[in-house]
Amino acid sequence: MIEADRLSKHFGSFKAVDDLSFEVRPGEVLGFLGPNGAGKSTTMKMLTGFLRPTSGIARINGFDVQRNPIEAKQQIGYLPEGAPAWGDMTVKSFLKFIAQVRGLRGREAKAAIDTAIETVELEEVLHRQIDNLSKGFTRRVGLAQALLHNPNILIMDEPTDGLDPNQKHQVRELITRMAEDKLLIISTHILEEVEAVCTRAMIISDGKMMADGTPAELTARSKFHQAVTLHSPEAAKAAELLKVLPQARNIALEGNAVTVFPREGDEAGLYDLVAKLAREHNWPITELARERGRLDEVFRDITRPSAKAAWDRVAA
Amino acid sequence: MIFTLFKRELASYFSTPLAYVFLMIFLVLTGVFTFEIGNFYERGQADLQTFFLFHPFLYLFLVPAIAMRLWADERKTGSIELLLTLPITMWQAVVAKFLAAWIFIGLSLMLTAPLWITVNYLGEPDNGTVFAAYLGSWLMAGGFLAIGSCLSAATRSQVIAFILTAVVCFLFVAAGWPVVLNFISRFVPTELLQAISSMSFFSHFQAISKGVIDLRDIIYFAAVILVWLYATALVIDMKKAD
């Protein structure tokens, strides 16, 4: 279990992380979402004991990261941003070194290394220098390193950044597989990833927590949630009629698609109503869908004011 | 734990050409200094005075070359984040890195043994003095290295680390030269002058290399090493965020 108790990190007058509190329990896969510079990495660096918080306490399975750093660090497997390693080592010697530092010896170490190699599929590059590996393999070496001691807490900073679609898929499968008995925190700005692997998402912006919930709860905040979209060549004509429906709060027309946003309380029957109207007026339907909500839209809504402020800072 | 970290560090010297280039340059330069500039044969004395005489100057640019990569490289590649989130203490990391570099320089020194064998073949040197001088030279190298460790932690750039270390080491050496001391003596009181002179690597190394292993000289170098390593840990803690 991870507890962040009013964590803050200031760099000079800049508040990278500002009074952040949360708890994560085993079995959860928490996705840290946020624009670049929102404080995701800084938070992870404090949880893993790399940075000392300006104030607040981080606890890993009950161990205060600042007071009992060794015990806390033993609980964690950590993949820092960019998966750094010592490039002059071979993959094999690197993993051996990590095993030794993690206190694994002899047969135990060998078994752990073999398992890690198998899990992230590193056999073919075992004797190559890490410097000479592709980005995908380097990332996998980083993952192997984090998994090696079979920690029950895994913290990964942008685990799929820079990977091709196949590799991304692989890493996501890996995350889902591990999620069964571990606690995972991943940071990302790929929203589909959150919906694919996370049981919980937290949106951070300007070092503050803006939203915390399951991906479904977050998408429900979207104004598209429960809206009904009709794709039809007759969309413009349909829009005229749908606009005046008492159940419609608003509509949006975009090319051959018209979206109807329901009034509160009228969400349930909207789909059937639109379908019925389409049949009655013989509008040809290419697609009719009830929207689940769009995470990217929620994300933009929540973080845009701060993104704009950040941009203004840069511009100034 | 220190041993595990130390082993990795030491091995990393030999996984790149760096170690071999360094060893070669070190051996060639000690040879040149001893025979060409130091007139080893012409002096007609069976000792290694001329060999050791030039060590402070040799270290002035060879040790910064070893020390510059200690931390600057870790910060540049980001591996410092991996290193310091492993279950180890900062102190273990600092000491392990220092020891690996120090042992490496010790190895370089050992490879100059043919010179010592030559002197023993040509005459009958005082091997106790030679041993003391080797020890003194190694201790002095440790001092240089500890300074380099700290300055390498202060920057991401190996070049800047190299230059800073060379300059600071130069000051530590120069503080013991008669020329420099004469010059400073015009401005500062005698007590301060003595203090400055006693801070110099040069004076302490000279004392040991004459064959007198004085505990004070050893304590001096040990203190220099510890203070600068402590400073290294502080600097890393301060600068690791950026």
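Sequence lines set the chain letters: A, B, ... in the order given, protein chains first and strands last, and positions in each chain run from 1.
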Stepwise side chain to side chain donor-acceptor pair (under 3.5 Å) check, B:Ser149 with B:Ser152: CA-CA 5 Å; B:Ser149 163; B:Ser152 148; over 6 Å; no
Please check if the number of heavy atoms outside B:Phe14 that lie under 6.0 Å from its CZ is greater than 12.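 Check passes, neighbour count above 12.
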Contact part of B:Ser15 toward chain A, heavy-atom cut-off under 4.5 Å: side chain, backbone, both or neither?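 Both parts, heavy atoms under 4.5 Å.
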Examine whether an atom of B:Asp73 lies under 4.5 Å from a heavy atom of chain A, and if so say whether it belongs to the side chain, the backbone or both; otherwise answer neither. neither
One thing to verify: whether A:Arg52 and B:Asp237 come together as a salt bridge, which I'm taking to mean a side-chain N less than 4.0 angstrom from a carboxylate O.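 Salt bridge between B:Asp237 and A:Arg52, a charged N being under 4.0 Å from a carboxylate O: yes.
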Hey, what's the ring geometry for B:His55 with B:Phe51, parallel, tilted or perpendicular (30° and 60° as the breaks)?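 Perpendicular, since the angle between the ring planes exceeds 60°.
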Which of the residues A:Leu79, A:Thr42, A:Thr48 is involved in the greatest number of heavy-atom pairs with chain B at under 4.5 angstrom?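 It is A:Thr48.
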Sort [X] into side chain, backbone, both or neither according to what part of it lies under 4.5 angstrom from a heavy atom of chain B.
X	result
A:Pro80	both
A:Glu71	neither
A:Ile98	side chain

Enter the distance from A:Gln145:CD to A:Ile130:CD1 here, rounded to the nearest 0.5 Å. 9.5 Å
